Novice: 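Sending over a structure as structure tokens; questions will come in a sec.
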Amino acid sequence: MPVLVLAVVALALAGTSLRSFVANSPDVATAATVFCGIFVQALPFLALGVIVSGAVATFVTPERLARWLPRRPSAAILAAGVGGAALPGCECGSVPVARRLFGEGTVGAAALTFMLAAPAINPVVLVATAVAFPGEPGMVVARCAASLITALIMGALWARFGQPRWITRQVPHEHSGQGSRWTVFSEAARHDFLQASSYLVIGAVAAAALHVLVPAWVFEHLAGQLLLGIAVMALLAVILALCSEADAFVAASLSMLPLLPRLVFLVVGPAIDIKLFAMQAGMFGRAFALRFAPVTLVVAVVTASCVGLLVLGNR
């Protein structure tokens, strides 16, 4: 907090000089406009998402989730995938929940399905996608379908080929029972907001830099090379590691690219990125992460491409 206060005061004192600098630099002005547009549009959905996430952390315990899941693997996978839509939250929060479900004896495939589905197809994310892409309802449908199919496929693959010996990390100790419900809610919401907003800033800066630093002919080339555009956007989703509640606005800002590569960006991001890989390695073990992450990336890219071609065409 002291660092934040000092930064705000310093920016306020330098406001006049910074405003003159931006006004006299067309490229900086363009980047600032893109950054502010993305951040201001995404912030309300980010705030709503962390409020709901805090409520889920307070009232929906992992033990309760485990009791709700059917015992049959196929039914548990489907229930976990569909149930993910009812429990909004950041993907950072879904990884610990999935790990605790493993620890409670719940079907592992269902836990992994929930981990991939919850941050990708919940109402907050879908509404944010609809707002970011006005007049393109197909993007909402395609994102929901591709993300859900990706989660179900990964759950089925784990049920068929997964090995318990790959899970080498123990369940972290729980401290959520200490303190009032308001304490649990406020701590969870604050944690998710600070972490998600930091990644939103990084994503908005990256999108602004892409508008200014990358020549127009690069985007024209990517627009004409659909496979190359898909590969680049998938790689960008892994590197940027955006929050699922704000990534749609970053994707929408890249209007020089077709819809299909941007759909791949939206499906890959909540499924696997560098921060999720690190969290999975820490929660489940490196042996699990090294197997799960590459397969998830391939499944997400292929699924998003197929669903996108079916729903959006080659736009």
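Fair warning: this is a prediction, and the values are worked out from it, not measured in the lab. All residue numbers in this chain count up from 1 along the given sequence.
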Novice: Using a strict cut-off of less than 4.0 Å between a Lys/Arg side-chain nitrogen and an Asp/Glu carboxylate oxygen, indicate whether Arg143 and Asp247 qualify as a salt bridge.
Specialist: yes

Novice: Between Thr303 and Ala300, is there a donor-acceptor pair closer than 3.5 Å when you use the side chain of the first and the backbone of the second?
Specialist: no

Novice: In Å, rounded to the nearest 0.5 Å, how long is the span from CE of Met154 to CG of Leu152?
Specialist: 11.5 Å

Novice: Just how far is it from atom CD1 of Ile167 to atom CZ of Phe292, taken to the nearest 0.5 Å?
Specialist: 9.5 Å

Novice: Kindly determine whether Phe249 and Val131 satisfy side-chain contact (heavy atoms from CB on, under 4.5 Å), including the steps that lead there.
Specialist: CA-CA 8 Å; Phe249 297 96; Val131 173; 4.2 Å; yes

Novice: Out of curiosity, does Leu263 fall in the hydrophobic cluster containing Leu240 (side-chain heavy atoms, cut-off under 4.5 Å, transitive links)?
Specialist: yes

Novice: State yes or no: do Leu148 and Val298 share one hydrophobic cluster built from I, L, V, M, F, W and Y residues joined by side-chain heavy-atom distances below 4.5 Å, directly or via other members?
Specialist: no

Novice: Which is it for Leu310 and Cys306 under the side-chain contact (heavy atoms from CB on, under 4.5 Å) test, yes or no, and what are the steps along the way?
Specialist: CA-CA 6 Å; Leu310 182 63; Cys306 294; over 6 Å; no

Novice: Decide whether Val268 and Leu309 are clustered together by the hydrophobic rule: side chain heavy atoms of Ile, Leu, Val, Met, Phe, Trp, Tyr closer than 4.5 Å, transitively.
Specialist: yes

Novice: Answer yes if the ring centres of Phe161 and Trp166 are under 6.0 angstrom apart, and no otherwise.
Specialist: no

Novice: Quick one, Val205 with Phe35, criterion side-chain contact (heavy atoms from CB on, under 4.5 Å). Give me CA distance, side-chain angles, the key distance, then yes/no.
Specialist: CA-CA 6 Å; Val205 169; Phe35 173 85; 3.7 Å; yes

Novice: Considering the options Leu235, Leu236, Ile230, which one meets the side-chain contact (heavy atoms from CB on, under 4.5 Å) requirement together with Met233?
Specialist: Leu236

Novice: Do Ile274 and Leu297 sit in one hydrophobic cluster, given that two such residues count as connected whenever their side-chain heavy atoms are within less than 4.5 Å of each other, even indirectly?
Specialist: yes

Novice: Apply side-chain contact (heavy atoms from CB on, under 4.5 Å) to the pair Phe265 and Leu257, showing each step before the final yes or no.
Specialist: CA-CA 11 Å; Phe265 177 86; Leu257 294 176; over 6 Å; no

Novice: What's the shortest heavy-atom distance between Ala146 and Val267, and which atoms?
Specialist: CB-CG2, 3.7 Å

